[in-house]
Novice: 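One structure follows; several queries about it will come next.
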Amino acid sequence: MTSFETVGDVHVAPNLEELTDAAADWILTRIRGVLAERERCSIALSGGATPGPVYRRLAQDALDNRYDGSRLDLFLADERCVPPDDEDSNAGLVREHWLDIDPRPTFVRPRGEAADHVQEAGVYAGKLPDALDLVVLGIGPDGHTASLFPGSDAVREAERRVVYVGDSPKPPPERWSLSPRALDDARELVTIVAGAAKSDALARALESPWNPLETPAQLARRGTWFVDAEAASALTRQSR
């Protein structure tokens with residue numbers, strides 16, 4: 001498991017619109033930087049309402065020739081064990097907000113339609129690059145990130161890169177998630193957070209004593225954070 005305790009860069013935006021633009025601009029800069037050095041750029045995406053507009057902006061950036069979308073490899077930071085056309089599927093969100101706009105990226109997902117969900121975790125892990133260039137994360141009011149929930153054995157995983165979570169406290173209960181090791185291996189992490197409901201969890205993630213088992217979002221502490229003013233309301237000046 002990662003031992004990072006350093007707080008990375010924390011950017012506070014006054015509202016959701018400016019948060020979307022700031023996060024998208026930062027990710028675009030990273031994509032262009034990777035593609036200037038290597039043929040392909042790998043990004044693992046999280047679901048949720050907050051990153052959706054960011055993905056739409058990045059897809060439009062590709063159509064506007066700000067980078068070559070055909071050189072992206074998109075993955076999922078976590079997924080629910082449901083078919084890709086299910087309303088709970090993160091794959092569906094990525095298709096709606098990114099691939100329906102720019103279909104050129106390669107998209108690799110765990111197969112929600114797979115018969116053996118435990119086995120599929122290993123299959124999906126085998127498709128990941130040794131180190132993802134970027135992982136896009138969020139947090140929940142309970143302090144979870146991806147599908148790593150407080151107190152879960154998945155947070156203790158030190159070897160496997162993808163874990164099957166069969167007892168998520170949020171429905172649906174069966175999920176896959178990048179493991180702490182995969183987050184540790186990633187070249188960069190960015191976490192996007194909006195809303196007052198996340199303020200206490202954000203403060204725990206960035207400022208509380210190091211205890212990822214209690215607040216798994218601390219696993220992303222070393223990365224870059226984009227948060228709106230409501231989410232940042234419980235932070236001290238030091239971390240802001």
Side-chain angles (χ1 to χ4, degrees), residues 27 40-60 62-63 69-129 132-142 144-150 152-155 157 160-183 186 190-192 194 216-217 220:
I27 294 172
R40 305 197 66 79
C41 175
S42 58
I43 307 176
L45 305 175
S46 292
T50 302
V54 176
Y55 302 158
R56 296 184 72 85
R57 235 294 307 274
L58 292 166
Q60 187 60 51
L63 295 185
S70 69
R71 295 171 63 190
L72 285 191
D73 295 319
L74 300 181
F75 299 85
L76 291 175
D78 70 318
E79 177 59 304
R80 291 79 180 266
C81 298
V82 297
D85 58 353
D86 189 285
E87 63 180 8
D88 287 325
S89 170
N90 285 339
L93 181 142
V94 171
R95 292 191 185 281
E96 176 185 356
H97 290 280
W98 196 315
L99 299 174
D100 284 351
I101 299 168
D102 178 20
R104 293 175 296 171
T106 298
F107 183 37
V108 181
R109 62 176 179 86
R111 297 176 301 118
E113 62 274 28
D116 187 329
H117 296 156
V118 175
Q119 182 181 58
E120 182 63 16
V123 171
Y124 181 54
K127 297 176 181 178
L128 295 175
L132 289 154
D133 290 309
L134 176 64
V135 180
V136 181
L137 296 166
I139 69 172
D142 62 353
H144 83 269
T145 193
S147 281
L148 301 173
F149 292 93
S152 170
D153 287 342
V155 183
E157 178 58 51
R160 292 174 295 172
R161 302 172 67 210
V162 175
V163 291
Y164 164 70
V165 178
D167 57 353
S168 164
K170 292 182 60 179
E174 292 187 282
R175 299 166 176 235
W176 297 283
S177 180
L178 293 182
S179 70
R181 176 190 166 185
L183 299 184
V190 60
T191 306
I192 307 171

Novice: List the atom of Ser179, the atom of Leu148, and the distance in Å for their closest heavy-atom pair.
Specialist: C-CD1, 4.4 Å
Novice: Going by the rule side chain to side chain contact (heavy atoms under 4.5 Å, CB included), which residues pair with Ala121 if we only count those two or more places apart in sequence or in a different chain?
Specialist: Val162, Tyr164, Trp176
Novice: Has Arg80 got a side-chain atom pairing as donor or acceptor with Asp88's backbone, closer than 3.5 angstrom?
Specialist: yes
Novice: I'd like to know if the side chain of Glu79 reaches the main chain of Ala91, judged simply by a donor and an acceptor atom lying under 3.5 Å from each other, with no hydrogens or angles considered.
Specialist: yes
Novice: Going by side chain to side chain contact (heavy atoms under 4.5 Å, CB included), name the residues that satisfy it together with Pro103, two or more places apart in sequence or in a different chain.
Specialist: none
Novice: Contact between Leu183 and Leu137 at the side-chain level, heavy atoms closer than 4.5 Å - yes or no?
Specialist: yes
Novice: Dump the intermediate steps for side chain to side chain contact (heavy atoms under 4.5 Å, CB included) on Asn90 and Leu45, then the final yes or no.
Specialist: CA-CA 9 Å; Asn90 285 339; Leu45 305 175; over 6 Å; no
Novice: Between Ile139 and Ala217, what is the shortest heavy-atom contact and its length?
Specialist: CG2-CB, 3.3 Å
Novice: After noting the C-alpha distance and the side-chain angles of Leu72 and Asp102, does the key distance pass the side chain to side chain contact (heavy atoms under 4.5 Å, CB included) rule?
Specialist: CA-CA 11 Å; Leu72 285 191; Asp102 178 20; over 6 Å; no
Novice: For Thr106 versus Arg40, what's the shortest heavy-atom pair and its separation?
Specialist: OG1-NH2, 3.5 Å
Novice: To the nearest 0.5 Å, what is the distance between CH2 (Trp98) and CD (Gln60)?
Specialist: 12.5 Å
Novice: Looking at side-chain heavy atoms only, is the closest gap between Leu178 and Phe75 below 4.5 Å?
Specialist: no
Novice: Identify the heavy atoms of Pro110 and Leu76 that sit nearest to each other, and give their distance.
Specialist: CD-CD1, 4.2 Å
Novice: What residues form a side-chain hydrogen bond (donor to acceptor under 3.5 Å, both in side chains) with Asp153, not counting sequence neighbours?
Specialist: Arg156
Novice: Quick one: do Tyr124 and Val108 satisfy side chain to side chain contact (heavy atoms under 4.5 Å, CB included)? Show the steps, please.
Specialist: CA-CA 8 Å; Tyr124 181 54; Val108 181; 4.2 Å; yes
Novice: Between Ala44 and Ala77, what is the shortest heavy-atom contact and its length?
Specialist: CB-N, 4.0 Å
Novice: Quick one: do Ile43 and Leu58 satisfy side chain to side chain contact (heavy atoms under 4.5 Å, CB included)? Show the steps, please.
Specialist: CA-CA 12 Å; Ile43 307 176; Leu58 292 166; over 6 Å; no
Novice: For the atom pair CG (Leu74) and CZ (Arg95), what is the distance rounded to the nearest 0.5 Å?
Specialist: 10.5 Å
Novice: Could you pull out all residues at least two apart from Arg56 that satisfy side chain to side chain contact (heavy atoms under 4.5 Å, CB included)?
Specialist: His97, Ile101
Novice: Say you draw a straight line from CG of Leu93 to OG of Ser46; how long is it, rounded to the nearest 0.5 Å?
Specialist: 10.0 Å
Novice: Can you tell me how far the OG atom of Ser42 sits from the CG atom of Asp133, to the nearest 0.5 Å?
Specialist: 3.5 Å
Novice: Please name all residues satisfying side-chain hydrogen bond (donor to acceptor under 3.5 Å, both in side chains) with Glu96, sequence neighbours left out, ordered by chain then number.
Specialist: none
Novice: Hey, does the side chain of Ser168 reach the backbone of Glu174 with a donor-acceptor pair shorter than 3.5 angstrom?
Specialist: no
Novice: Locate the shortest heavy-atom distance separating Val155 from Phe149; write the atom from each residue and the value.
Specialist: CG2-O, 3.4 Å
Novice: Can you list everything that forms a side chain to side chain contact (heavy atoms under 4.5 Å, CB included) with Ala114? Sequence neighbours excluded, please.
Specialist: Arg111, Glu120
Novice: Is there a side-chain contact between Val165 and Asp167 (heavy atoms, below 4.5 Å)?
Specialist: yes
